[in-house]
Structures are given as structure tokens and as C-alpha cells.
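What follows is a single structure, written as C-alpha cells, with notes after it.
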Amino acid sequence: MDAFDVGFYRRQGHLTVNSVFRPEEMDAVVRDIEAWGTSFLESLPIEQRAWYIDGGVSARTVLRKLDNPHAHRDAVRSLARDRRLLDLVETLIGPGVSVYFSQIFFKPPEGGGPKPAHQDNFYFGPADPEGMVTAWIALDDATLENGCLYFGEGTNLGPVYEHFAPEGEPYNLQIPEAILERQPMSPAPVRKGGVSFHHGNTFHNSASNHSQKWRRACALHFVSNANAFVNPALPYDHSLKLQVS
Ligand SMILES: O=C(O)CCC(=O)C(=O)O
């Protein structure tokens with residue numbers, strides 16, 4: 001495993017740690033979520049297709065994301081409870097943590113769409129902004145070509161900005177352009193089995209996948225057990241919060 005530089009995380013608002021999990025462990029998770037994705041797609045109501053299907057891939061119907069795998073799949077619950085990961089999460093936000101929300105991001109080859117810049121703490125609205133960290137687990141190598149994450153260095157130390165949603169996309173909350181144009185974003189490639197951690201205030205986004213390779217990831221949004229979600233921007237299901245330590 002890479003060295004765990006907590007000072008870097010505190011200053012920059014993110015930290016990449018390669019080799020937390022073995023590549024073959026990621027293959028098993030991918031097999032499981034592919035099976036889940038196939039059945040999810042078959043029963044997806046027409047009015048939700050625009051949100052869950054990747055608009056960048058026109059030749060076939062491919063999922064863009066799945067919500068709350070920690071609540072639906074043993075394979076992801078095992079990742080969330082894994083001590084190799086929890087030791088790192090607890091170093092960042094203290095002992096006693098829960099998964100509040102989780103997501104699989106598929107970003108398929110040849111067009112998988114971008115994710116606009118946002119701050120997770122605007123989405124979740126926690127009482128304690130420090131008591132929240134996202135662990136973004138790379139299920140494939142995430143590279144400049146296939147759409148790795150980009151971070152705004154040090155934006156963890158700044159405020160949470162009001163986000164806006166484009167017309168017809170109420171869930172696609174993002175930071176206004178006037179703020180973004182003052183903030184350079186740095187790429188953070190990570191190898192399959194590595195984890196990219198980011199603070200809830202850190203600006204982050206990802207570009208389109210122009211390569212021939214998948215860029216799948218499992219994002220686990222961890223919170224301290226005592227943290228409360230006082231001002232969530234979207235209707236999260238609080239009953240799915242899973243205490244893991
Ligand atoms: O995987 C992506 O492209 C976006 C990830 C993200 O926004 C997150 O993990 O909070």
C-alpha cells in the first residue's frame with residue numbers, strides 16, 4: 001500500500017492510496033455489479049432513464065451509475081466493512097463511522113460522460129463538514145484517458161458554495177462557472193484496487209471516457225457516527241445509513 005500522508009489530505013483535500021485492495025478483489029465486485037446492473041436496467045422506469053443511462057454512449061444502452069450498492073450488494077458491504085479501508089477512513093475522520101450513501105460510477109469506454117464539478121457536502125449537508133469523507137475505490141485503472149477524478153487543491157479549506165442544476169436535471173447539482181473559472185483542477189489517476197479519498201468540501205469532477213477501457217468505481221461516502229445531515233440537497237434515504245465501526 002502507498003504511504004498514507006494525512007498532512008497532504010488536510011492541506012489539499014484529497015489523497016490517493018494505491019494497492020488497498022488486490023485487482024482480483026475488484027474483478028469480483030465488477031462481476032457482481034454487472035449482474036445487478038443488468039437486472040436494474042431491465043426494470044428501470046422510463047422517467048428515470050435520463051438520470052441512470054449514460055448519455056455519452058449512443059451505440060448501446062449502458063448504465064452511468066447505480067445508487068446505494070452498500071444497501072443492496074454483499075460484495076460492496078464487504079468493501080465498506082473491510083479493515084484495510086476502515087483504518088484509513090478512521091485516520092481521516094476519527095473512530096466510529098457509517099456509510100451514508102454509496103454509488104457505482106460506470107463511465108463506459110468510447111464516450112462515458114463527464115461528471116461536473118461539485119462538493120459532496122453541498123449534496124449531503126452534514127452538521128460537521130469535517131466528519132465526512134468519500135472513499136472512491138477504483139474498480140479499474142483510472143487514467144487521464146478514461147476519465148479519472150480531478151480535484152481543486154485546498155478547496156477543502158474553503159466554503160461550500162451554492163450549487164445549481166441545469167434545466168431538466170434536478171439531481172445534477174454543480175458549482176457555478178464563475179467560481180470554477182478561478183479554480184484550477186488537478187488530475188488524480190489511481191490504479192485498480194487503489195482508493196482516492198476526498199474531503200466533503202473538495203471540488204471534484206471527472207471528464208469523459210475517450211478510451212477503449214472501462215473506468216468503473218465504487219464511491220463510499222463515510223460519515224462519523226455522530227454526524228447529522230441537517231441540510232441535504234437531495235432526498236436521501238437516511239434508513240440506509242450503515243454503521244460499520
Ligand atoms: O466517478 C466520478 O466520475 C464522480 C465521482 C464523485 O463525484 C464522487 O465520488 O463524489
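All ligand and atom numbering here is 1-based and tracks the order in the structure. Keep in mind that this is a model prediction, so the values were computed, not measured. Values below: every heavy atom of this structure, side chains too, minus hydrogens, waters and symmetry copies.
Residue contacts with ligand 1 leave out N205, since none of its heavy atoms falls under 4.0 Å from the ligand. The closest approach between Q103 and ligand 1 stays at or above 4.0 Å for every heavy atom of the residue.
None of T134, N121, T155, V133 except one satisfies the side-chain contact (heavy atoms from CB on, under 4.5 Å) rule with T202; the exception is T155. Between L79 and the choices V29, D74, V195, the side-chain contact (heavy atoms from CB on, under 4.5 Å) rule is met once, by V29.
Across K115, R64, Q119, H204, heavy-atom proximity to atom 8 (C) of ligand 1 is greatest for H204. Scanning K107, R215, H118 for the heavy atom closest to atom 2 (C) of ligand 1 points to R215.
When all heavy atoms are compared, the tightest approach of K115 to N205 is O-CB, 3.1 Å.
Among all non-hydrogen protein atoms, the one lying nearest atom 3 (O) of ligand 1 is S206 OG, 2.6 Å. Protein heavy atom nearest atom 9 (O) of ligand 1, with residue, atom name and distance: W136 CD1, 3.3 Å.
Between F151 and H198, the distance separating the two ring centers is shorter than 6.0 angstrom.
The side-chain contact (heavy atoms from CB on, under 4.5 Å) search around Q243 returns S98, N225, not counting sequence neighbours.
To the nearest 0.5 Å, atom CD of residue E34 and atom CZ of residue F40 are 15.5 Å apart.
Near D120, with a cut-off below 4.0 Å to any heavy atom, the atoms of ligand 1 are 10 (O). Numbered from 1 in the order shown, with element, the atoms of ligand 1 that lie under 4.0 Å from a heavy atom of A219 read 9 (O). Near H198, the atoms of ligand 1 lying under 4.0 angstrom from a non-hydrogen atom of the residue are 8 (C), 9 (O), 10 (O).
With a 4.0 Å cut-off on non-hydrogen atoms, A217 does not touch ligand 1 at all.
Sequence neighbours left out, the pairs with a member in residues 66-95 that pass ring pair (Phe, Tyr, Trp, His ring centres under 6.0 Å) are W36-H72.
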